[in-house]
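Working notes for the structure below.
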Amino acid sequence: KEAAMGYLKKVLSLQTDHRRANLMKAQFMIDKETTREEGMELLKKLSEGMWADDMAPMHRADAFMSRAKVRQKEHAYQEALIYLEQAAQQAPSREDILLSFANLALKMLDYKKAVLAFERIRKINARNVDAIEGVLMAKLAQGDTKGAFDDAAASVKRLPKQARLHFWYGMIAKKLLDLDLAAREFQEARKLDPSYPGPAVENILDKMSRGVYEKATDEAQKALVEVQEKSRPAIRTAMAAVMIKQRKYEQARVQLTTAIKENDNYLNAWMRLIDLMRILEEKENVEKLKLGLLKRDPKGFRSHIAKAMLEHSFGDYESAIDEYESAYNLAKDNYEILIWAGESAFANDDYGHAKTFIDQAYALRPKNPTVHVMKAKIERVTDPKLSARTLIAGIELTEEDPHLPYQLGLSYNQIGAYLEAVDAFDKAIALSPEFANAHYNKGLALKDLKRTTAAVASFRETIKLERDRADAHLQIAEI
């Protein structure tokens, strides 16, 4: 920059009103806070002031673009959009200007302007992937999912080697609940560009939603090596979500805290860590992390989830439900929000409300293990045999989730099928050896079978895992 400024000074010493040299000088000036406003005045003079008519349209467009850049940094988006529109008028065939304008219009939720600009780019260059991607995003934001789907299908057919297009085709298919097509498209995108994080994350979460945990973890470990360093927090967060389902809580904690250290503005990591703290009943950490997330995202759907998890942790289940509903209104079709809302309603003994949430979640993810678990818990209140059948159906879909056999054991205990209960708890323990409640309830089943020595061993294992388990100590004392 210093060398360039030296040449500019020489040019301007010979001709003070040299238009191109003044443009370059202004662009250097706006990069420094001390000379920014002076630079902006010079850009104004070049783009629409006394020198504007003598400027080549291309350079006049650059002046407007530079003004827009400054205003975007200052979050003066409406003014920036006007400058970009003026830049596009000066250079109507410049893809970079149109793309900047379209992306800012999309950010400002002006979907009509965004789509028109993206479509102009596509007329100039039908293979511009940024423009195709932008049209798909804008159509989705407007609720034109079918239009986005048709456009994505045609784009993938026309440009089959573009990983980003396969990714967006998968995202739209996922929104339309064509989950098998979505999974195929994510896999294809991943194959085309292993460094692209979006498909890797979606592959991991898709496998998680189906209870295929080991393959999901393998996918995550591979992606951590292949994606760029800046994308690792997204991979770690997805992997941690899988680990939570496996009850590998400390491993999940490590991944999430590492993700936040790598990028403390990665909101999904904050949200997952709050969920983990809620599960582990670390209320103070839930509250602390909630404040951290709200500082970074005060109005998004994750802020409502964070508030809901804190309310749930302190037993205010009705307030938690209200927050989850607010979150779902902002993030439609997010089945996990429905599951969390169902858990709060169930904890509040509001089984009708819980059933409504879980039925919605089941419609979105009928093969999800946690949906089966919650469905069975609600059914067990009135019909433990139906609950057992639901859990058996869930286990037929996946044998990797420890909560399914654990809940099956509880249902068997309730109907007096103690041998079957012991077998179910053993399967849960095999998947998660530190599952204290599985050991405890296995002990109850063994006690009812009069197998007192084995029952005492199970209760002692419970105490070994959770030293303050007064219920296990009491059971041993009774035996």
Side-chain angles (χ1 to χ4, degrees), residues 129 132-133 136-137 139-140 145-227 231-232 234-246 268 272 331-339 360-373 393-401 404:
V129 176
I132 298 169
E133 185 179 63
L136 299 177
M137 293 170 67
K139 285 185 176 180
L140 277 177
T145 310
K146 181 64 169 59
F149 181 84
D150 293 342
D151 204 341
S155 297
V156 165
K157 189 175 181 179
R158 188 169 61 253
L159 300 170
K161 299 298 183 182
Q162 290 291 339
R164 283 159 61 193
L165 297 182
H166 283 282
F167 170 71
W168 278 103
Y169 190 25
M171 291 297 287
I172 298 163
K174 178 181 173 182
K175 192 165 185 64
L176 290 170
L177 301 183
D178 191 341
L179 302 180
D180 291 337
L181 173 60
R184 289 196 299 272
E185 290 303 312
F186 295 142
Q187 288 163 9
E188 182 63 21
R190 180 104 171 87
K191 185 168 68 175
L192 288 167
D193 185 0
S195 68
Y196 184 22
V201 169
E202 290 299 329
N203 274 327
I204 296 163
L205 295 179
D206 175 69
K207 289 179 174 63
M208 181 189 81
S209 74
R210 300 169 190 256
V212 188
Y213 300 144
E214 291 302 323
K215 286 185 178 179
T217 303
D218 291 344
E219 175 88 19
Q221 294 286 5
K222 186 179 178 184
L224 277 176
V225 176
E226 293 176 334
V227 303
S231 301
R232 286 177 187 165
I235 305 299
R236 293 189 192 281
T237 300
M239 179 162 61
V242 178
M243 290 172 170
I244 290 171
K245 298 298 182 185
Q246 295 174 294
N268 282 339
R272 292 290 181 189
K332 293 288 187 184
D333 301 333
N334 187 321
Y335 75 96
E336 287 190 280
I337 297 174
L338 294 169
I339 291 173
Q360 283 181 270
Y362 185 82
L364 295 172
R365 293 294 185 278
K367 296 182 179 181
N368 182 261
T370 310
V371 171
H372 279 265
V373 165
I395 292 168
E396 287 173 355
L397 293 171
T398 176
E399 296 184 353
E400 295 186 43
D401 192 302
L404 286 166

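Note that the structure is a prediction, hence the values are computed from the model and not measured.
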Rounded to the nearest 0.5 Å, how far does CG of D180 lie from NZ of K174?
14.0 Å
Which atom of A182 lies closest to which atom of G170, heavy atoms considered:
CB-O, 3.3 Å
Distance from I204 atom CD1 to S209 atom OG, nearest 0.5 Å?
12.5 Å
Report the C-alpha separation of N368 and I339 in whole Å, then their side-chain angles, then the decisive distance to 0.1 Å, and conclude whether the side chain to side chain contact (heavy atoms under 4.5 Å, CB included) test is met.
CA-CA 11 Å; N368 182 261; I339 291 173; 3.8 Å; yes
So, for P160 and L192, which heavy atoms are closest and what is the spacing to 0.1 Å?
O-CD1, 3.6 Å
Any carboxylate oxygen within less than 4.0 angstrom of a Lys/Arg side-chain nitrogen, looking at R272 and E336?
yes
Exercise: identify the closest heavy-atom pair between I235 and P197:
CD1-O, 4.2 Å
Assess whether salt bridge (Lys or Arg N to Asp or Glu O under 4.0 Å) is satisfied between E202 and R190, documenting all intermediate values.
CA-CA 10 Å; E202 290 299 329; R190 180 104 171 87; over 6 Å; no
Rounded distance [0.5 Å steps], CD in E188 versus NZ in K191:
4.0 Å
Give the ring-plane orientation class for Y169 versus F149, where under 30° counts as parallel, over 60° as perpendicular and anything between as tilted.
tilted
Does any part of the side chain of Q360, heavy atoms only, come nearer than 4.5 Å to the side chain of L364, both counted from C-beta?
no
Hey, could you give me the CG/CZ distance between L159 and R164, rounded to the nearest 0.5 Å?
11.5 Å
Would you name the heavy atoms of A148 and L136 that are closest together and state the gap between them?
O-CD2, 3.4 Å
Is there a side chain to side chain contact (heavy atoms under 4.5 Å, CB included) between L404 and V373? Walk through the geometry before answering.
CA-CA 6 Å; L404 286 166; V373 165; 3.7 Å; yes
Side-chain contact test, heavy atoms from C-beta onward, threshold under 4.5 Å: evaluate it for I172 versus T145 and give yes or no.
yes
Straight-line distance of E214 CD to K207 NZ, nearest 0.5 Å:
13.0 Å
For the pair R210 and D206, evaluate salt bridge (Lys or Arg N to Asp or Glu O under 4.0 Å) and give the outcome as yes or no after the intermediate values.
CA-CA 7 Å; R210 300 169 190 256; D206 175 69; 3.1 Å; yes
With a 4.5 Å limit on heavy-atom distance, are the side chains of Q246 and T217 in contact?
yes
Tell me, do R365 and L179 make a side-chain contact under 4.5 Å, heavy atoms counted?
yes
I need the minimum non-hydrogen distance between A163 and D193, along with the two atoms involved.
CB-CB, 3.7 Å
Would you call Q187 and N203 a side-chain contact if the rule is heavy atoms closer than 4.5 Å?
yes
Applying side chain to side chain contact (heavy atoms under 4.5 Å, CB included), run through M239 and Q221 and close with a yes or a no.
CA-CA 8 Å; M239 179 162 61; Q221 294 286 5; 3.8 Å; yes
Using salt bridge (Lys or Arg N to Asp or Glu O under 4.0 Å), reason through K222 and D218 one step at a time and then give a plain yes or no.
CA-CA 6 Å; K222 186 179 178 184; D218 291 344; over 6 Å; no
Minimum heavy-atom distance between F167 and F186, given as atom pair plus value:
O-CE2, 3.5 Å
Would you call the rings of H372 and Y362 parallel, tilted or perpendicular if under 30° counts as parallel and over 60° as perpendicular?
perpendicular
Are any of the side-chain heavy atoms of V201 and N268 separated by less than 4.5 Å?
no
One should read off an interatomic distance between W168 CH2 and I132 CD1, to the nearest 0.5 angstrom, of 13.5 Å
For M208 and Y213, run side chain to side chain contact (heavy atoms under 4.5 Å, CB included): C-alpha distance rounded to whole Å, both residues' side-chain angles, the deciding distance at 0.1 Å, then the answer.
CA-CA 6 Å; M208 181 189 81; Y213 300 144; 4.2 Å; yes
